[in-house]
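Have a look at the structure below before the remarks.
We're numbering straight along the sequence, starting at 1.
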Amino acid sequence: MRIAVTGSIANDHLMTFPGRFADQFVADQLHTVSLSFLVDKLDVRRGGVGANIAFGMGQLGTKPILVGAAGQDFDDYRAWLDRHGVDTASVRISETLHTARFVCTTDADHNQIGSFYTGAMSEARLIELKTVADRVGGLDLVSVGADDPEAMLRHTEECRSRGIPFAADFSQQIARMDGDEIRILLDGATYLFSNEYEKGLIESKTGWTDAEILSKVGHRVTTLGAQGVRVERAGEAPIEVGCPEEERKADPTGVGDAFRAGFLSGLAWGVSLERAAQVGCMLATLVIETVGTQEYRLRRAHFMERFAKAYGDEAASDVRAHLS
């Protein structure tokens with residue numbers, strides 16, 4: 001099963017300021033703020049919704065096709081993804097813009113000051129999925145993740161016009177989209193991904209009820225944080241899957257992306273929806289135990305041992321043969 005993953009590709013520059021931002025502001029001078037913080041820690045991490053999901057799928061051996069836009073500075077990141085089983089040949093490289101970048105400083109009170117530079121991500125709207133499909137011999141599913149909003153709309157419309165099944169996954173972009181855009185992006189989706197809060201926001205912005213939305217998509221997949229995930233289909237009982245026990249909780253960033261990577265990999269393997277959701281929850285658990293969205297290691301024996309402990313030997317037997 002050939003799955004294309006569209007979405008943002010970004011580098012995160014995360015810095016730590018040992019003091020408190022609040023101590024640096026002068027109440028009657030806030031209209032002319034000019035501050036520079038001497039930081040004592042810098043972490044540069046690979047990120048972006050599309051890249052995170054593709055990396056997870058690559059770890060599971062399902063050879064995802066990453067579709068997005070990056071800058072001339074993408075060479076090292078590309079090599080990293082290539083080494084981890086991601087097809088990056090359909091990433092558009094901008095001639096003038098840098099790869100999207102998130103720069104954030106956190107103080108001792110965990111307050112943050114950050115900026116997001118969209119950069120080359122704005123060129124994702126220029127990518128035609130037909131070109132991608134022709135290169136790889138056709139597409140069985142396209143995951144339309146958070147990206148340049150115009151790109152998300154173009155990819156969704158192209159999937160509909162060409163009859164390519166697609167998954168709608170707005171995540172961070174849902175806050176800036178209006179009801180009309182959300183209706184366009186989800187109508188006819190084979191899968192609709194969201195967390196519980198986003199689920200309510202989708203219903204509020206579209207004006208559609210839960211039942212109405214469920215009638216417009218094949219499957220509604222709602223992540224429930226520590227409670228796991230719920231997969232719903234119109235006219236059928238929901239499938240609910242819990243999370244494996246965590247060994248530690250290091251960093252929640254990228255957990256949703258990891259779930260999607262596992263779930264989509266399960267679809268590629270052809271296992272049941274319940275098994276796909278279980279694989280997603282297991283991969284998400286590995287990410288929450290690791291600082292960074294692509295810093296975890298998937299060791300097959302360790303993964304299967306924990307998977308069997310969480311979901312039983314029969315579930316593990318269904319998955320083991322597919323895990324490369």
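- In this structure a side-chain-to-backbone donor-acceptor pair under 3.5 Å is present from T209 to E212.
- The backbone N or O of R275 sits less than 3.5 Å from a side-chain atom of S272, completing a donor-acceptor pair.
- Residues W269 and M1 form no side-chain contact, since every pair of their non-hydrogen atoms from C-beta on lies 4.5 Å or further apart.
- You'll find the ring centres of F21 and F37 inside the 6.0 Å limit.
- Between the side chain of T62 and the backbone N or O of M57, at least one donor-acceptor pair lies under 3.5 Å.
- For Y311 and F307, the ring centers are positioned less than 6.0 Å apart.
- Ion pairing between R154 and E150 fails under the 4.0 Å rule for side-chain N and carboxylate O.
- Side-chain atoms of N195 and T223 include no donor-acceptor pair closer than 3.5 Å.
- With a 4.5 Å cut-off on side-chain heavy atoms, V103 and L14 do not count as touching.
- Scanning all heavy atoms of the two residues, the minimum distance from A69 to E123 falls at CB-C, 4.0 Å.
- Atoms CG and NE2, from L273 and H219 in turn, are 4.5 Å apart once rounded to the nearest 0.5 Å.
- Side-chain atoms of I184 and I182, non-hydrogen and from C-beta on, never get closer than 4.5 Å to each other.
- With a 4.5 Å cut-off on side-chain heavy atoms, N111 and T106 do not count as touching.
- Contact annotation: the side chain of Q72 never approaches that of L97 to less than 4.5 Å [non-hydrogen atoms, C-beta and beyond].
- Between T105 and V39 the shortest heavy-atom distance is CG2-CG1, 3.9 Å.
- A salt bridge is absent between R176 and E181; no separation between the charged side-chain nitrogens and carboxylate oxygens falls under 4.0 Å.
- Note that CZ of R46 is 7.5 Å distant from OH of Y77, once rounded to the nearest 0.5 Å.
- Here D178 does not pair with K205 in a salt bridge; the nearest charged N to carboxylate O distance is not below 4.0 Å.
- Checking side-chain atoms of Q173 against main-chain N and O of D147 turns up a donor-acceptor pair under 3.5 Å.
- No close placement of the Y191 and F166 rings is indicated, their centers lying 6.0 Å or farther apart.
- Annotation: side chain of D40 is not in contact with side chain of F17 (no heavy-atom distance under 4.5 Å).
- A54 and V5 get closest at one heavy-atom pair: N-CG1, 4.4 Å.
- For the pair R135 and S90, the minimum side-chain heavy-atom distance is below 4.5 Å.
- For the residue pair L81 and A51, the shortest heavy atom distance occurs at CD2-O, 4.2 Å.
- Side-chain contact between L283 and Y296 is present, with heavy atoms from C-beta onward closer than 4.5 Å.
- Between the side chain of R220 and the main chain of V217, no donor-acceptor pair closer than 3.5 Å is present.
- Side-chain atoms of R78 come within 3.5 Å of backbone atoms of T88 as a donor-acceptor pair (strictly under, hydrogens ignored).
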